Amino acid sequence: MAEPLPRQGQPLATLFAELEQVIVPNSTHTAHPRFLPYVQPSPNALSPYADHVAATLNQNCNLWPLSPAANAVEQVVLRWFADLFGLPASTGGILTSGGSMANFVALTAARDHALGETARTEGLQSSRPPLVLYTSEETHSSIAKAVSMLGLGTRYLRHIPTDEHFRIRLDLLAQAVAEDRAAGLNPFCVVGSAGTVTTGATDPLEALAHFCRQHRLWLHIDGAYGALAALSPRFQPSLAALALADSVSLDPHKFLFCAYEAGCVLVRDRQHLHHAFHAHPSYLTMSEDPDFVDFANHGPQLSRAFKALKVWWSLKHFGADAYAQVIEQMHDLAVYMAEQVLHRPAFELLAPVVFNCVCFRLSALDAAANRRVLTALLDSGTAFLGPASVKDTTGLRACFMNLRTTRADIDRILDHLEHLASQPGW
Ligand SMILES: Cc1ncc(COP(=O)(O)O)c(C=O)c1O
């Protein structure tokens, strides 16, 4: 594809031919029913169309006069999410590019809240005890990324061990906070997970919330993976304590099956978002209106696309009940696969199935061979699974997010893995 910058335009027919011959066949076919490596769904059919409409309207979702209808739509979906989790009327939020950016926005608000009035002017430059935050060893890497981007230093991010269900150990969390306080440090935030990236575990959110309230710590819940499971009665009880969080991340481009990109962060007191992100340069002065939110003051971006349209349409067109059914269907597939894994001696299950993913390994092969089999499975064109490292044991992971995946697909994957593993020379 290397070519000099075209000085003259080329006909659309050339571009479309290239699209057909080069781009499409060399794209990862994420809608394939045996594409199961990550928390990555096939998009619902409506959301790419919504993106097309949104791009054509080309609204700039920064200040309300540049995007009044989009502004109202974004407020509606934010309210739906806040209501789903039981968060109060004071809640604010913003749609983001994804869960990583949602976590970054939430931790910025948490940091600036901890630093107080002078957060914006002094930053971390004036001398004070270092801020410390806590999360589990199962947390997503976007938390450490946010911590380093925020200048907090990853050595002040404590990764607390988890129990046998991959949930943060509250006793060890309490111990770590006490030790840091005794050492003169300044604990300020705990990041819990609603759906850890490897096994889908959910931390004991209610107990975490009580602990945070008691110790005056900000509770952020990374629900990029699992918070939207609150749509399903099967999972809602374990997520009821989202209502107690100071901030929550969620990803419509995961369990709402929206096309990339669509993440979201909610902050219990919207003033904290405003405190962290407001900017009022003279060249952006426009009329304010209490019915609208200037989203430029709720996040790091100025120019922003109309992502809310695909989220709004997805929920309106399919309805929450359809999502509940699909989330449960994905969980059922994971449970079926785990049962098969347990029945076949070639495999070992690495973690109990609590959500829509299965971590397992080929029991006769070592870690490196398990990795090689994963690659061979992909090279054979049978399936795309992901790697898993569960309490230092290496294996494979299947994450169900495709409406067309069936039990027959699972059988086929396991048959093929058994066949591969039976070959000599791994
Ligand atoms: C628990 C968790 N947090 C954060 C993220 C990052 O989300 P994104 O890829 O939308 O930035 C993921 C992605 O899978 C995740 O599973």
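Just so we're clear, the structure is a prediction, and the values are computed from it rather than from any experiment.
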Please check if the side chain of [X] supplies one atom and the backbone of [Y] the other of a donor-acceptor pair under 3.5 Å.
X: S247; Y: L266; answer: no
X: N71; Y: D294; answer: no
X: R120; Y: H275; answer: yes
X: R361; Y: L365; answer: yes
X: S232; Y: R234; answer: yes
X: K310; Y: E261; answer: yes
X: T375; Y: R371; answer: yes
X: N62; Y: A296; answer: no
X: D251; Y: H253; answer: no
X: N297; Y: A279; answer: yes

| request: Dump the intermediate steps for side chain to side chain donor-acceptor pair (under 3.5 Å) on Y225 and N356, then the final yes or no. | output: CA-CA 10 Å; Y225 183 2; N356 66 326; 2.5 Å; yes

Mind checking whether [X] and [Y] have side chains closer than 4.5 Å, heavy atoms only?
X: M1; Y: I23; result: yes
X: V267; Y: V105; result: no
X: L403; Y: N44; result: no
X: L87; Y: L242; result: no
X: K254; Y: L228; result: no
X: R167; Y: T162; result: no
X: L385; Y: P37; result: no
X: L107; Y: W218; result: no

[Y] and [X] side chains, donor-acceptor separation under 3.5 Å:
X: N186; Y: Y156; value: no
X: T394; Y: N370; value: no
X: D409; Y: T406; value: yes
X: Y336; Y: D411; value: yes
X: D321; Y: Q325; value: no

| Stepwise salt bridge (Lys or Arg N to Asp or Glu O under 4.0 Å) test for E74 and R304 | CA-CA 12 Å; E74 187 157 349; R304 282 174 73 240; 2.7 Å; yes

| field | Audit row: H159, T139, side chain to side chain donor-acceptor pair (under 3.5 Å) steps and yes/no | value | CA-CA 8 Å; H159 284 101; T139 209; over 6 Å; no

Can you measure from [atom1] ([X]) to [atom2] ([Y]) and round to the nearest 0.5 angstrom?
X: F16; Y: E20; atom1: CZ; atom2: CD; result: 10.5 Å
X: D379; Y: R372; atom1: CG; atom2: CZ; result: 13.0 Å
X: L374; Y: L396; atom1: CG; atom2: CG; result: 4.5 Å
X: H278; Y: H298; atom1: NE2; atom2: NE2; result: 10.5 Å
X: L205; Y: L244; atom1: CG; atom2: CG; result: 9.0 Å
X: K145; Y: L150; atom1: NZ; atom2: CG; result: 13.0 Å

Residue pair [X] / [Y]: nearest heavy atoms and the distance that separates them:
X: S193; Y: T196; result: CB-CG2, 3.6 Å
X: F306; Y: A54; result: O-CB, 3.5 Å
X: L84; Y: A230; result: CD1-O, 3.8 Å
X: F295; Y: Q75; result: CZ-CG, 4.2 Å

| field | Output field: ring centroids F355/F255 closer than 6.0 Å | value |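 F355 vs F255: aromatic centres under 6.0 Å.
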
| query | Under 6.0 Å between ring centres, would you say that holds for H331 and F235? | reply |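 Between F235 and H331, which both carry aromatic rings, the centre distance is below 6.0 Å.
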
| request: Could you tell me how the ring of W64 sits relative to the ring of F292: parallel (under 30°), tilted (30 to 60°) or perpendicular (over 60°)? | output: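 Answer is parallel, since the angle falls under 30°.
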
| query | So with a 6.0 Å cut-off around CD of E288, is the heavy-atom count from everything else above 12? | reply |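 Open: at most 12 neighbouring heavy atoms sit under 6.0 Å from CD of E288.
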
| When you look at CD of E206, are more than 12 heavy atoms from neighbouring residues, nucleotides or ligands closer to it than 6.0 Å? |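 Not buried by this count: 12 neighbours or fewer within 6.0 Å.
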
| field | Step-by-step side chain to side chain contact (heavy atoms under 4.5 Å, CB included) determination, L250 to F85 | value | CA-CA 11 Å; L250 61 144; F85 302 146; 3.8 Å; yes

| said: Using salt bridge (Lys or Arg N to Asp or Glu O under 4.0 Å), reason through R79 and D83 one step at a time and then give a plain yes or no. | reply: CA-CA 6 Å; R79 192 64 251 158; D83 286 347; 2.8 Å; yes

| Between F35 and S42, is a side chain to side chain contact (heavy atoms under 4.5 Å, CB included) present by the stated rule, with each step listed? | CA-CA 9 Å; F35 173 83; S42 52; over 6 Å; no

| said: As a quick check of understanding, evaluate side chain to side chain donor-acceptor pair (under 3.5 Å) for Q175 and D171, giving each step before the final call. | reply: CA-CA 6 Å; Q175 192 181 323; D171 55 332; over 6 Å; no

